[in-house]
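Starting from 1, each residue takes its place in the sequence as its number. Treat the numbers as computed from the prediction; the structure is a model and nothing was measured.
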Amino acid sequence: QVQLAESGGGTVQAGGSLSLSCKVSGITGRNYCLAWFRQYPGKKREGVATFSRLGESMFYTDSMKGRVTISHNNAENTLYLQMNSLKSEDSAMYYCAMKTPIDSYGCRPDQATYRAWGQGTQVTVSS
């Protein structure tokens, strides 16, 4: 059974940085996508960045583009999200998610296609 466990959230001042981690277990092979989403209270989850384990490629949405870097440690099977120049509007619950197998739509950040989710980690940016 696939399990995802996020960590690294917390409170940071505006302009600061934070690194999130997501430990992935219960998956073998490389035919999967990993992604970071965030969710504001009462809103749908929105994609931040995705990673294709198959192609070792990354995709960033406009929401935080230029301020985040998604990476993956293959040996530890851990997904990371480095966030810089944080703004108050980045305050949200951040989730990592997995999609497997990779279909014709690739690793697009469509939350409906990601079936495995972590419990989330709260990021709060104070101004």
Engineer: Let me confirm one number: the OG-NZ distance from S127 to K87, rounded to the nearest 0.5 Å.
Structural biologist: 13.5 Å
Engineer: Counting only N and O atoms by type, is there a donor-acceptor contact under 3.5 Å from the side chain of S91 to the main-chain atoms of V125?
Structural biologist: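 Side chain of S91 to backbone of V125: a pair is present.
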Engineer: Testing the basics here: between G120 and M93, what is the closest heavy-atom pair and its distance to 0.1 Å?
Structural biologist: C-SD, 3.7 Å
Engineer: When rounded to the nearest 0.5 angstrom, what is the spacing between NZ in K23 and CD in Q3?
Structural biologist: 11.5 Å
Engineer: Side chains of T50 and S52, heavy atoms from C-beta outward: is any pair under 4.5 Å?
Structural biologist: no
Engineer: Please round to the nearest 0.5 Å and tell me the distance separating atom OG of S126 and atom CG of L86.
Structural biologist: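 It is 10.0 Å, given to the nearest 0.5 Å.
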Engineer: Dump the intermediate steps for side chain to side chain contact (heavy atoms under 4.5 Å, CB included) on I27 and Y32, then the final yes or no.
Structural biologist: CA-CA 9 Å; I27 186 76; Y32 58 91; 3.7 Å; yes
Engineer: If you take all heavy atoms of T78 and S21, which pair is closest and at what distance?
Structural biologist: CG2-CB, 4.2 Å
Engineer: Could you check whether any side-chain heavy atom of V48 comes within less than 4.5 Å of a side-chain heavy atom of P109, counting everything from C-beta outward?
Structural biologist: no
Engineer: First locate atom OH of Y114, then atom SG of C33, and finally report the distance between them rounded to the nearest 0.5 Å.
Structural biologist: 4.5 Å
Engineer: Do the non-hydrogen side-chain atoms of L4 and M98 ever get within less than 4.5 Å of each other?
Structural biologist: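 Contact flag for L4/M98 side chains = yes.
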Engineer: Any chain of hydrophobic side-chain contacts (each under 4.5 Å) joining Y95 to F51?
Structural biologist: no
Engineer: Going by an N to O cut-off under 4.0 Å, is there a salt bridge joining E56 and R30?
Structural biologist: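 Between R30 and E56 there is a salt bridge, with a charged N closer than 4.0 Å to a carboxylate O.
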Engineer: Once you round to the nearest 0.5 Å, how far does CD of E46 lie from CD of Q39?
Structural biologist: 9.5 Å
Engineer: Using the side-chain contact (heavy atoms from CB on, under 4.5 Å) definition, which of the options L20, I70, N73 pairs with Y80?
Structural biologist: N73
Engineer: According to a hydrophobic-cluster definition based on side-chain heavy atoms being under 4.5 Å apart (Ile, Leu, Val, Met, Phe, Trp, Tyr only), do L34 and M64 belong together?
Structural biologist: yes
Engineer: When you group the ILVMFWY residues by side-chain heavy-atom contacts below 4.5 Å and let the links chain together, are Y60 and Y94 in the same group?
Structural biologist: yes
Engineer: So, do Q119 and E6 sit near enough that their side-chain heavy atoms are less than 4.5 Å apart?
Structural biologist: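 Contact flag for Q119/E6 side chains = yes.
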Engineer: Does I102 offer a backbone N or O that forms a donor-acceptor pair with the side chain of N31 under 3.5 Å?
Structural biologist: yes
Engineer: If you group Ile, Leu, Val, Met, Phe, Trp and Tyr by side-chain heavy-atom gaps below 4.5 Å, do V68 and V12 land in one group?
Structural biologist: yes
Engineer: Looking only at heavy atoms, which two atoms of A49 and L81 are closest? And how far apart?
Structural biologist: CB-CD1, 4.4 Å
Engineer: Just verifying a value: how many Å separate W117 CH2 and F37 CZ, rounded to the nearest 0.5 Å?
Structural biologist: 4.0 Å
Engineer: Among L79, T100, N74, find the residue that satisfies the side-chain contact (heavy atoms from CB on, under 4.5 Å) test when tested with R53.
Structural biologist: N74
Engineer: Can you tell whether the side chains of K99 and D110 come within less than 4.0 Å, N to carboxylate O?
Structural biologist: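 No, K99 and D110 are not salt-bridged.
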Engineer: Between R67 and S85, which heavy-atom pair has the shortest distance, and what is it?
Structural biologist: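 It is NH1-O, 3.0 Å.
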Engineer: Compare every heavy atom of V123 with every heavy atom of G9, then report the nearest pair and how far apart it is.
Structural biologist: CA-CG2, 4.3 Å
Engineer: Can you find a pair of side-chain heavy atoms, one from D90 and one from M83, that are under 4.5 Å apart?
Structural biologist: no
Engineer: Applying a strict under-4.5 Å side-chain criterion to I, L, V, M, F, W and Y, I'd like to know whether M58 and V24 cluster together.
Structural biologist: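 Result: yes, single cluster for both.
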